[in-house]
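One structure is given below, encoded as structure tokens.
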Amino acid sequence: QVQLVESGGGTVQAGGSLRLSCAASGRTFSGFTTAWFRQAPGKEREFVAAIFRSGGNTYYSDSVKGRFTISRDNAKKTMYLQMNGLKPEDTAVYYCAGDGGLILSSLRIGSQYDYWGQGTQVTVSS
């Protein structure tokens, strides 16, 4: 089992920055694909960014590419999401997710992840 706990959410003005963290405990973390998803009120959960397994290759949704950076420290079992240039439309609950068996074509699909955190609220005011 793997437990994931997000932190770092908050309220920020448009154009500001936040860094989210996702701390893992339990099974080994380094071989996992780990990702960030978000869900805004009244909307479906959407993919934000992912790191595929241990290779370090990163993937982003078009809506955050160039503004957000995903990274991971396997020694600390922690994943990060640095969010710059925040926009009001980035307002959502952000979730981290992990899975040990994903294939590349599935990493943007939330239902393919076995492990999820409880979420952290990010609010961007205009």
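For the pair Lys43 and Gln39, the tightest heavy-atom approach, listed with the atom from each and the gap, is O-NE2, 3.0 Å. Closest of all the heavy-atom pairs between Tyr113 and Ala50 is OH-CB, 4.2 Å. The minimum heavy-atom distance between Asn84 and Ser17, with the atom names listed, is OD1-OG, 2.9 Å. The shortest heavy-atom contact between Ser126 and Pro88 is CB-CG, 3.8 Å. Listed here is the closest heavy atom pair of Cys96 and Met79: CB-CE, 3.6 Å.
Relative ring orientation between Trp116 and Tyr95 is described as perpendicular, the plane-to-plane angle rising above 60° on a 0-90° scale split at 30° and 60°.
Using modelled atom types, no side-chain atom of Asp114 and backbone atom of Asp99 make a donor-acceptor pair closer than 3.5 Å. Using a distance-only test at 3.5 Å, with no hydrogens or angles considered, a donor-acceptor pair links the side chain of Arg53 to the main chain of Leu102. When atom types are taken as modelled, the side chain of Gln82 and the backbone of Arg19 share no donor-acceptor pair closer than 3.5 angstrom. For the pair Glu6 (side chain) and Gln118 (backbone), a donor-acceptor distance under 3.5 Å is present.
For Arg108 and Tyr59, the positive end is not near the middle of the six-membered ring at less than 6.0 Å and at most 45° from its axis.
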Between Thr91 and Gln121, does the side-chain contact (heavy atoms from CB on, under 4.5 Å) criterion hold? Intermediate values first, please.
CA-CA 8 Å; Thr91 296; Gln121 176 72 46; 4.0 Å; yes

CA sep, side-chain torsions, deciding dist, call: Thr69, Tyr60, side-chain contact (heavy atoms from CB on, under 4.5 Å):
CA-CA 8 Å; Thr69 302; Tyr60 297 91; 3.8 Å; yes

For Ile109 and Phe37, what are the C-alpha separation, side-chain angles and deciding distance, and is it a side-chain contact (heavy atoms from CB on, under 4.5 Å)?
CA-CA 9 Å; Ile109 304 172; Phe37 288 79; over 6 Å; no

Given Ser61 and Phe68, is the side-chain contact (heavy atoms from CB on, under 4.5 Å) satisfied, shown in steps?
CA-CA 10 Å; Ser61 68; Phe68 291 10; over 6 Å; no

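Interatomic distance, Arg72 CZ to Thr34 OG1, rounded to the nearest 0.5 Å: 4.0 Å. How far CZ of Arg38 is from OG of Ser63: 4.5 Å, rounded to the nearest 0.5 Å. A distance of 7.5 Å separates OG1 in Thr58 from CD1 in Ile70, rounded to the nearest 0.5 Å. In this structure, CG on Leu20 lies 13.0 Å from OG1 on Thr78, to the nearest 0.5 angstrom. Taken to the nearest 0.5 Å, the OG1 atom of Thr120 stands 11.0 Å off from the CG atom of Leu81.
Taken together through direct or relayed side-chain contacts under 4.5 Å among Ile, Leu, Val, Met, Phe, Trp and Tyr, Leu107 and Tyr80 form parts of separate hydrophobic clusters.
Sorted by first and then second residue, the pairs that involve residues 56-70 and meet salt bridge (charged side-chain N to carboxylate O under 4.0 Å, His left out), not counting sequence neighbours, are Asp62-Lys65, Arg67-Asp90.
Glu44 is not listed as a side-chain neighbour of Glu46, based on a closest heavy-atom distance of 4.5 Å or more.
Scanning for salt bridge (charged side-chain N to carboxylate O under 4.0 Å, His left out) contacts around Glu89 gives an empty result, with sequence neighbours left out.
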